[in-house]
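Note that the structure is predicted; figures quoted are calculated from it, not measured. Protein chains get the first letters and strands the later ones, always in sequence-line order, with residue 1 at the start of each.
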There are 2 protein chains.
Amino acid sequence: MWALSTSGGDTAYHHGDLRRSLIAAARDLLRAGGVEAVTLREAARLAGVSHNAPYRHFASREALLAALATEGFRALRKALEEAGRRAEPPERLTALGRAYLRFADADRATFRLMFGGVVEDADHPDLAEASSATFGALRSVVTERESPAGAERDALRAWALVHGLAHLVADRQIDAARAEACLK
Amino acid sequence: MWALSTSGGDTAYHHGDLRRSLIAAARDLLRAGGVEAVTLREAARLAGVSHNAPYRHFASREALLAALATEGFRALRKALEEAGRRAEPPERLTALGRAYLRFADADRATFRLMFGGVVEDADHPDLAEASSATFGALRSVVTERESPAGAERDALRAWALVHGLAHLVADRQIDAARAEACLK
DNA sequence: CCCAGATGTTGACAATGCCCACATATCTCC
DNA sequence: GGAGATATGTGGGCATTGTCAACATCTGGG
């Protein structure tokens, strides 16, 4: 059918772009039923291939989950950067926090996959890079406004506050509006 | 062997107290290999019973996980209450936060199970009760020191800060000492 | 003493992750 | 343009797991 050249470096062969299709299918499964619902065989079914085709693109189920988490970190980073670009230093940090919370609220399952510990960053280089790049984008904004004394601790505090709110939102223990009200 | 009367209401029959043994086995599996490693069949094996015996005590695998999470919330609540009892109002909140962080650091897998969304509180009454009781213990201390104006928001902020730090500790993104340094 | 219910066992089935050998499409190089 | 190499997809199979049904055994009350 379509024959785009994929961004991941895989070229399109028989199926068109099975890797991308599998990730898309897995994302649907993740959002619909959480991590437990993400299955190599079901993703293959949705993509219209045999139960073993995924192994040409992902070494294991965990590798597929890692790809989903990687995608999530890239999306979050993009959201953070856009939010930062739209605001000036005084309110920039608040804007980032809001973007962070909105991400967690809009895609709870992916957020939990990213931070749930089911996939270890260390085992998946792409994931490790995407996650540290995302934290870097956040950190650079957090530290830009503070004087050196205690800056590190304040940065960590800000990050932890937003991160905690995001988890509470993802777990449906508070709603997104109340969380945003906490961002000063 | 031993014949304690269990707290859950189950009496001891053939095995002694299978329910308790299964929970203990599952706890070991959880700590050793994360949620994915918790298996009804493996827990049964460790308890020395057949693969179907657990169904006399847990309706499903998720019910066993819910029992583990419930146990976790009760332990956390106990830790919070003890910490609160040992400190007076000015530092009491910090003491609670420290206890919260130590819990997350000492038993990362259980912490993630409690807040990871794999088990839904709504589906397990005991879990729902234990978790809300724990939050109640936390909330009562958080709100005791603030004046009414903005108290609710400050309480939520404090909770979110500690909760975020705990997640970062559990995910090994910062270490426990750095987290504690953020508790003012 | 005997029965009802609680507890544990055996056997089975479908789904899954993963491995193997094999088939087929595409690319490279001549 | 054709042959070999490589990438991609298929089919079968195996061990493990969650769950169900039927059966066995233990315990306590009448």
Side-chain angles (χ1 to χ4, degrees), chain A residues 1-6 8-26 28-30 32-68 113 118-120 123-124, chain B residues 1-6 8-26 29-30 32-68 118-120 123-124:
Chain A
M1 297 166 104
W2 52 90
L4 306 167
S5 74
T6 83
D10 293 49
T11 47
Y13 281 85
H14 309 55
H15 171 278
D17 190 348
L18 182 54
R19 182 185 165 90
R20 195 172 288 281
S21 296
L22 288 170
I23 290 182
D28 292 346
L29 291 171
L30 176 65
V35 188
E36 321 255 337
V38 180
T39 282
L40 283 176
R41 288 171 108 111
E42 184 62 24
R45 242 167 258 138
L46 291 177
V49 293
S50 83
H51 69 265
N52 255 330
Y55 282 95
R56 300 297 155 181
H57 301 272
F58 302 97
S60 63
R61 178 180 112 104
E62 197 182 292
L64 175 58
L65 293 178
L68 287 178
L113 175 61
V118 179
V119 288
E120 282 295 327
D123 304 337
H124 306 273
Chain B
M1 301 168 101
W2 52 90
L4 306 168
S5 72
T6 83
D10 293 50
T11 47
Y13 280 85
H14 308 56
H15 172 277
D17 191 349
L18 183 53
R19 181 185 166 91
R20 196 172 287 281
S21 295
L22 287 170
I23 291 183
L29 292 172
L30 175 66
V35 188
E36 322 255 336
V38 180
T39 283
L40 282 175
R41 288 171 108 109
E42 185 62 23
R45 243 168 256 137
L46 290 177
V49 293
S50 84
H51 70 264
N52 253 331
Y55 282 94
R56 300 296 157 181
H57 300 273
F58 302 98
S60 63
R61 171 179 184 261
E62 197 183 293
L64 175 58
L65 293 178
L68 287 177
V118 179
V119 287
E120 283 295 326
D123 304 337
H124 305 275

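For the pair Ala47(A) and Leu22(A), the tightest heavy-atom approach, listed with the atom from each and the gap, is CB-CD2, 4.0 Å. Residues Ile23(A) and Ala67(A) come closest through the heavy atom pair CD1-CB, 4.0 Å.
Distance, Glu36(B) CD to dG17(C) C1': 12 Å, rounded to whole Å. A straight line from CG of Leu29(A) to P of dA15(C) spans 15 Å, rounded to a whole angstrom. Separating the CZ atom of Arg41(B) from the P atom of dT19(D) is a distance of 11 Å, rounded to the nearest angstrom. Between Leu40(B) atom CG and dG8(C) atom P there is a gap of 14 Å when expressed in whole angstrom units. Distance, Leu65(A) CG to dC18(C) P: 10 Å, rounded to whole Å.
Taking only distance into account, the side chain of Arg56(A) meets the base of dG9(D) through a donor-acceptor pair shorter than 3.5 Å. The base of dG11(C) is paired with the side chain of His51(B) by a donor and an acceptor separated by under 3.5 Å.
Between Tyr55(A) and dG9(D), a side-chain N or O to OP1/OP2 separation shorter than 4.0 Å is absent. The side chain of His57(B) places an N or O atom within less than 4.0 Å of a non-bridging phosphate oxygen (OP1 or OP2) of dG8(C).
For the atom pair Glu120(A) CD and Glu62(A) CD, the distance stands at 8.0 Å (nearest 0.5 Å).
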Apply the test side chain to side chain contact (heavy atoms under 4.5 Å, CB included) to residues Leu18(B) and Arg56(B): give CA-CA distance (whole Å), side-chain angles for both, the deciding distance (0.1 Å), then the verdict.
CA-CA 9 Å; Leu18(B) 183 53; Arg56(B) 300 296 157 181; over 6 Å; no
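Residue contacts shown for Thr39(B) are limited to sugar-phosphate atoms, with no base heavy atom under 4.0 Å away.
Proximity note for Ser60(A) (side chain, C-beta onward) versus dT19(D), dT9(C), dC18(C): the nearest is dC18(C). With distances taken from any side-chain atom of Asn52(B) to the nucleotides dT9(C), dC20(C), dG8(C), the minimum falls on dT9(C).
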